[in-house]
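Letters A, B, ... mirror the listed sequences (proteins, then strands); counts begin at 1. Computed from a prediction, not measured in an experiment: that's the story for all the values here.
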Amino acid sequence: MRTSAVAGIVLANVNDNLLKKLTAHRSMASIPIGARYRLIDFSLSNLVNAGVTSVGIITKENYRSLMDHVGSGAAWELDRKNGGIYLLPPYLTSGVKRYSGTVDALYGAKDYLKRCDSEYIVLCNADVLANLDINSAVKAHIEKKADVTVLYYKGTLTEENRDNLHMTLGEDNQISIMRFENTPNENTVCGIGVTIISRELLLKFLEEAYEDGLVNFNRDFLSTKVDSLKIYGYEHKGYVCFMNGTDSYYKASMDMLKPEVRKELFNRERPIFTKTRDDMPTRYGTKSNVKNCLIADGCIIEGTVKNSIISRGVTIEKDAVVENCILMQETVVGKGAQLNNVISDKNAVIGAEMILKGTKEKHFFVKKNQIV
Amino acid sequence: MKNKKCVAMLLAGGQGSRLGVLTSKIAKPAVPYGGKYRIIDFPLSNCANSGIDTVGILTQYKPLELNDYIGSGKPWDMDRLSGGVHILPPYQSQHGGNWYKGTANAIYQNLEFIERYNPEYVLILSGDHIYKMDYSKMINQHEKDGADCTIAVLEVSMEEATRFGIMNAHEDGTIYEFEEKPPVPKSNLASMGIYVFNWDKLRKYLIEDEANPESSNDFGKNIIPAMLDAGEKLKVYRFNDYWKDVGTVDSLWDANLDLLNPKLDLDLSDRGWKIYSRNIAMPPQYIAECAVVENSLITNGCEIYGNIDYSILFENVTVEEGANIEYSLVMPGAVIKKGANVRYSIIAENVVVEENADIGGDPAVVGNEGWGITVVGANLTIGKNAKIPANQMIIENVEKEEA
């Protein structure tokens with residue numbers, strides 16, 4: 001039995017350095033988001049929803065939590081006899097350095113790419129929050145006989161996408177200019193960090209790029225080939241947000257409170273899968289007062305919670321007031337505590353009557369396992 | 001096949017006719033409970049947590065949904081190389097086939113299944129109860145007592161004892177008599193329908209029972225009395241925690257709302273004894289600005305814009321603005337539209353309650369006489385402005401009414 005015609009590669013540590021607080025103990029891919037997910041759930045689900053049965057996850061550091069989360073891949077039905085999940089940490093032998101860019105990272109995965117028998121590879125950056133129709137994108141790639149297809153969206157230059165690839169589209173969505181530094185005009189579009197390419201071509205390009213000592217596959221290699229290769233863009237029309245700082249992480253989280261964003265991200269046709277914890281449903285107490293919140297299972301809520309994202313197993317005791325916060329797994333907010341614009345990492349404990357106030361510009365951050 | 005110390009046999013074939021429309025399409029063990037569970041999650045999770053990895057599930061009545069739900073047994077860690085979960089429906093053999101005639105006959109027809117594992121003990125369970133129990137403790141006691149059969153019992157009040165199968169036992173727990181629903185009970189030890197048998201003894205008595213054409217092939221009525229008559233050693237195992245039969249609409253409703261009592265001794269959040277269930281991919285629950293939520297259990301996929309009090313909302317329920325839900329169970333996928341009222345009711349899966357419909361009644365308003373829980377069957381639509389009083393069992397769509 002063959003694996004699917006399309007295999008996936010997820011780059012798990014992209015832009016880790018931009019979210020230092022949240023990646024102190026984890027990779028970009030395993031950052032908790034949306035109350036019950038990790039960022040990589042979106043990449044993995046996007047791939048699986050396009051029929052992908054083989055996924056390599058390239059990671060270089062801080063990957064314990066990622067391994068924990070991904071496990072055998074069963075949550076995404078990626079526990080397969082053929083294909084399935086391959087975690088690809090640095091393979092340190094003499095003469096091989098730890099990756100410094102995507103060329104190194106992908107080159108390190110060449111054994112996986114060689115062994116995999118899928119015809120096409122979808123490369124996904126893990127720092128994107130989006131529900132993508134990869135199936136249609138691959139179809140377009142095949143129909144156009146493209147060498148490379150890059151997913152994009154029509155967005156103006158913002159803080160969130162300033163680090164993305166910006167492209168100018170020519171006839172029939174063929175890409176004529178591809179670059180990072182951007183002076184946007186009506187023809188420029190923004191890359192999503194998802195690239196479709198045949199496995200054969202990818203292997204060939206990686207050899208070339210590696211030989212030439214290039215660092216970033218898109219910036220240093222693909223962008224120089226827009227004239228000699230058929231590189232097409234494929235438009236994603238729905239919601240998208242990139243994690244390039246605590247601000248964009250906070251913005252993406254709060255976006256999920258909007259019904260229209262949830263409708264797109266949690267599209268019924270393409271569900272987002274995650275590892276389950278078998279928590280009981282969330283219990284709301286007698287004096288609970290909850291307004292505009294996204295809440296996972298396993299919480300006990302007895303206080304007031306507004307405009308917040310509450311992850312699995314959080315306890316909010318009586319008379320506590322939580323506003324504009326992101327509370328990660330197992331956070332405990334003691335009696336009468338007051339939190340505003342706080343991001344708490346896993347297992348944080350905020351004592352009774354504590355007052356923690358951040359601002360919209362600078363959020364108060366409570367570290368993993370920290371007791372305040 | 002590797003021998004197993006204990007094989008569990010879970011009787012899941014019952015219709016549960018007293019649940020009315022709730023079991024018109026599904027077997028009782030598949031009935032949703034507690035926001036994200038099915039009744040069968042309790043015995044299955046208890047098995048997983050007690051270290052029992054081989055479970056035969058005896059199905060007969062409307063097994064499709066139950067089979068689907070159990071699948072490979074993965075959610076309960078029962079997809080094993082050896083053992084694991086097995087669905088056992090009645091089957092045809094060379095000499096014809098039979099429906100399961102009674103609880104004992106269901107096990108008799110599957111002696112071959114148990115033989116493959118050649119266990120020391122067989123644990124008989126039913127899929128009708130909500131409780132958390134460490135079966136390994138019961139098996140340990142059974143071993144220590146050197147008993148032939150051990151029966152789990154619960155102390156009930158003397159009034160209640162008239163509704164149960166009662167074990168009359170000596171001080172040391174040795175059973176000397178079994179009485180089914182005695183009008184004047186001698187003891188208050190009610191059988192929970194959980195038995196540990198020595199495999200060789202169970203086998204012997206099942207074969208004898210099958211040979212007796214007079215027998216109704218039932219554990220309580222036939223097997224246990226036969227063992228007592230023959231002087232076998234039968235012991236009680238006392239259980240003191242939460243245990244509830246969910247065989248009627250009232251008891252199902254009660255057992256669900258019990259979960260809202262923080263002092264209840266059925267802690268579903270206990271990390272050491274999780275109740276597992278099959279999870280579907282659903283986003284977290286969303287509670288809107290205009291919602292009021294108190295004293296309730298709510299789970300993944302719910303979108304709440306209305307007012308919820310003393311209720312259990314299952315997966316993927318939508319409650320629109322201005323709708324009121326009180327003292328009710330709203331099962332997966334139901335939609336309660338604007339301004340509708342749902343009180344003291346059980347709304348089954350995928351029901352649509354249209355705008356301003358009014359379902360069920362508060363006993364304080366209606367009066368206790370004639371009051372009861374209203375049940376709306378799965379996939380039905382209750383029309384706009386329709387009024388459904390307390391104590392109704394709705395089995396077909398209800399037309400809209402003029403406001």
Side-chain angles (χ1 to χ4, degrees), chain A residues 33-37 41 45 48-49 74-77 79 131 256-259 261-263 265-268 270-302 305-313 315 330, chain B residues 33-37 41 45 48 72 74-77 79 256 259-262 264 266-271 273-305 308-318:
Chain A
I33 188 139
R36 65 185 299 258
Y37 301 98
D41 292 338
S45 303
V48 166
N49 287 331
W76 303 269
E77 284 189 326
D79 52 334
N131 188 324
M256 289 187 178
L257 294 174
K258 299 174 190 157
V261 171
R262 281 201 306 283
K263 216 170 170 181
L265 284 178
F266 304 117
N267 176 337
R268 288 277 167 88
R270 299 193 302 269
I272 304 300
F273 303 96
T274 187
K275 186 173 133 184
T276 57
R277 275 192 8 156
D278 293 287
D279 285 301
M280 71 176 291
T282 281
R283 189 162 76 214
Y284 297 83
T286 313
K287 296 274 180 223
S288 78
N289 176 11
V290 180
K291 303 281 176 195
N292 192 33
C293 288
L294 199 60
I295 300 178
D297 273 354
C299 300
I300 296 173
I301 297 182
E302 297 185 300
V305 195
K306 290 181 180 169
N307 312 322
S308 295
I309 310 289
I310 309 296
S311 307
R312 300 192 264 202
T315 303
E330 309 297 333
Chain B
Y33 170 83
K36 62 187 297 191
Y37 309 98
D41 287 330
S45 301
S72 68
K74 189 158 196 138
W76 307 270
D77 232 351
D79 53 334
N256 271 280
L259 292 171
L260 299 178
N261 173 4
L264 185 77
L266 180 77
D267 180 8
L268 299 186
S269 63
D270 178 4
R271 292 281 186 81
W273 202 274
K274 278 188 177 175
I275 301 302
Y276 305 105
S277 60
R278 185 173 288 281
N279 286 288
I280 42 172
M282 281 285 162
Q285 54 202 282
Y286 176 71
I287 313 291
E289 187 71 39
C290 55
V292 178
V293 177
E294 288 183 87
N295 309 306
S296 292
L297 281 188
I298 302 180
T299 190
N300 291 332
C302 290
E303 295 263 331
I304 311 300
Y305 293 81
I308 320 287
D309 201 4
Y310 281 103
S311 293
I312 314 268
L313 271 51
F314 292 65
E315 281 147 350
N316 205 16
V317 166
T318 303

Next item on the list: Select one option (side chain, backbone, both, neither) describing which atoms of A/Arg268 are under 4.5 Å from chain B's heavy atoms.
Entry: side chain
Margin query: Considering only residues two or more places apart or on different chains, which pairs with a residue in residues 286-297 of chain A satisfy salt bridge (charged side-chain N to carboxylate O under 4.0 Å, His left out)?
Written below: A/Asp297-B/Lys36
Notebook entry, point to check: What part of B/Tyr310 is in contact with chain A, defined as an atom under 4.5 angstrom from a non-hydrogen atom: side chain, backbone, both or neither?
Noted result: neither
Next item on the list: Pick one of side chain, backbone, both or neither for B/Leu313, based on which atoms fall under 4.5 Å of a heavy atom in chain A.
Entry: neither
Next item on the list: Would you mind telling me which of A/Ala74, A/Pro271, A/Pro259, A/Gly285 has the largest number of heavy-atom pairs within less than 4.5 Å of chain B?
Entry: A/Gly285
Notebook entry, point to check: With chain A, which of B/Ala288, B/Gly35, B/Cys302 has the greatest number of heavy-atom pairs at distances under 4.5 Å?
Noted result: B/Ala288
Next item on the list: Check whether B/Ile275 gets within reach of chain A through its side chain, its backbone, both or neither, counting any heavy atom under 4.5 Å.
Entry: backbone
Margin query: Quick check on B/Asp41 against chain A: is it the side chain, the backbone, both or neither that has a heavy atom closer than 4.5 Å?
Written below: neither
Checklist line | Which atoms of B/Phe314 approach chain A - backbone, side chain, both or neither, heavy atom under 4.5 Å | finding: neither
Check: How far apart are the C-alpha atoms of A/Tyr284 and B/Ile308, what are their side-chain angles, what is the distance that settles it, and do they pass the side chain to side chain contact (heavy atoms under 4.5 Å, CB included) test?
Finding: CA-CA 10 Å; A/Tyr284 297 83; B/Ile308 320 287; over 6 Å; no
Check: Where do A/Arg283 and B/Pro262 come nearest, in terms of heavy atoms and distance?
Finding: NH2-CB, 3.9 Å
Margin query: Quick check on A/Ile272 against chain B: is it the side chain, the backbone, both or neither that has a heavy atom closer than 4.5 Å?
Written below: backbone
Next item on the list: Against chain A, label B/Glu315 side chain, backbone, both or neither, depending on which of its atoms sit under 4.5 Å from a heavy atom there.
Entry: neither
Next item on the list: Against chain B, label A/Ile301 side chain, backbone, both or neither, depending on which of its atoms sit under 4.5 Å from a heavy atom there.
Entry: neither
Next item on the list: Could you list the residues that satisfy side-chain contact (heavy atoms from CB on, under 4.5 Å) with B/Asp309, not counting sequence neighbours?
Entry: B/Glu294, B/Asn295, B/Glu326
